[in-house]
S.K.: 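For reference, the structure I am asking about is given below.
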Amino acid sequence: MLYIIDSAHIEQIKNCIEYYPVDGVTTNPTIISKENSDFKSLIKEIRHVIGPDKMLHVQTTAKNADDIIKEAIALMEFVGGDFYIKIPITPEGLKATMKLSKMGIKVTMTAIFTQQQALIAAKAGASFVAPYINRLDNIVSDGVHVVEEIVKMFRIYDIKCKVLAASFKTIEQVHKIAMVGSDAITMNPELFKQLTYHPLTLYAIDDFMKDWESVYGDSTITDLLGDNDRR
Ligand code: E4P
């Protein structure tokens, strides 16, 4: 399972990279616009913060295939590292994806709402497809079911394209998506915190410390080992 940060907020990305085993960053025009800053500096800074080996997915704003291809090449050269161009699934997007994948430029086909959109995106050469879970749930559809069937179809046809589930609002959604075998999940930084928080964990740690302090007071294990006993 790949964990990806769905944010362009530099401090939050830094925090996630430091505390969680994350594999990259996804952005879209809404996420970028929220930062309200210079686009080039922001993208460069994200790459600098995550390093060249983690994935960075940046979405095109172009509408026709030729312009999408132009943007993809320019972005890939500018961003560097492990780069994916995100392209919404439209006929022009598919046309661009077929050409880009032949050129060796990795595509994440995004704004996926149905199983058949995912299948044809994969056939066009996308490396990832990004179905939108919460947006499906919001229209009384079933994001988990859609992902489950995409995963199943990719297995039936031995398709190498990976599923990058996106648009999460709850940990329940994240858990259910993990249970149906999505290859990757992209979450906002707040969900990373919620995913690891549990009050019983905090109570347990509190109890361990009370018991320890009842015998050893303020001394830590490092204090008790002392310099001479370190191996
Ligand atoms: C990421 O690739 C998607 O663009 C994003 O997760 C959409 O999330 P939203 O539905 O919360 O806007």
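Just follow the structure's listing: the first ligand is 1, and inside any ligand the first atom is 1.
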S.K.: Among all protein heavy atoms, pick the one closest to atom 5 (C) of ligand 1 and tell me residue, atom and distance.
M.R.: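 Result for atom 5 (C) of ligand 1: Asp6 OD2, 3.1 Å.
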S.K.: Once rounded to the nearest 0.5 Å, what's the spacing between atom NZ of Lys152 and atom OH of Tyr157?
M.R.: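 Result: 11.0 Å between the selected atoms.
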S.K.: Is Lys210 salt-bridged to Asp206, going by a charged N under 4.0 Å from an acidic O?
M.R.: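 Salt bridge: yes.
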S.K.: State the atoms of ligand 1, each with its element, that fall below the 4.0 Å cut-off from a heavy-atom position in Arg135.
M.R.: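 What qualifies from ligand 1 is 7 (C), 9 (P), 10 (O), 12 (O).
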S.K.: Does any N/O atom on Tyr132 come nearer than 3.5 Å to any N/O atom on ligand 1?
M.R.: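 N/O-N/O distance below 3.5 Å exists for this pair.
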S.K.: For the residue pair Tyr84 and Phe128, categorise the inter-ring angle as parallel (less than 30°), tilted (30 to 60°) or perpendicular (more than 60°).
M.R.: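 If you compare the ring of Tyr84 with that of Phe128, the planes turn out perpendicular.
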S.K.: For Phe192, run the ring-ring contact (aromatic ring centres under 6.0 Å, His included) check against Phe168, Tyr197, Tyr20 and tell me which one passes.
M.R.: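 So, applying the ring-ring contact (aromatic ring centres under 6.0 Å, His included) to Phe192 and each of Phe168, Tyr197, Tyr20, only Tyr20 qualifies.
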S.K.: Should the proximity of His57 to ligand 1, defined as any heavy atom under 4.0 Å, be assigned to the side chain, the backbone, both, or neither?
M.R.: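 No part of His57 is near ligand 1 at this cut-off.
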S.K.: What protein heavy atom lies closest to atom 11 (O) of ligand 1? Include the residue and the distance to one decimal.
M.R.: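 For atom 11 (O) of ligand 1, the nearest protein heavy atom comes out as Lys169 NZ, 2.8 Å.
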S.K.: Working to the nearest 0.5 angstrom, can you tell me the gap between Asn28 CG and Thr26 OG1?
M.R.: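 Result: 7.5 Å between the selected atoms.
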S.K.: When you look for heavy atoms under 4.0 Å from ligand 1, do you find them on the side chain of Lys86, its backbone, both, or neither?
M.R.: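 Near ligand 1, Lys86 shows its side chain, while the N, CA, C and O stay back.
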S.K.: Quick one: look at Ser167 and ligand 1, take heavy-atom pairs under 4.0 Å, and tell me if it's side chain, backbone, both or neither.
M.R.: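 The part of Ser167 near ligand 1 is both the backbone and the side chain.
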S.K.: As an exercise, identify every atom of ligand 1 less than 4.0 angstrom from a heavy atom of Asn28.
M.R.: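 Going through ligand 1 atom by atom, the ones under 4.0 Å from Asn28 are 3 (C), 4 (O), 5 (C), 7 (C).
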S.K.: Can a cation-pi geometry be assigned to Lys44 and Phe78, taking NZ or CZ under 6.0 Å from the six-membered ring centre and within 45° of the ring axis?
M.R.: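 Relative to the ring axis of Phe78, which defines the angle, Lys44 lies inside both limits.
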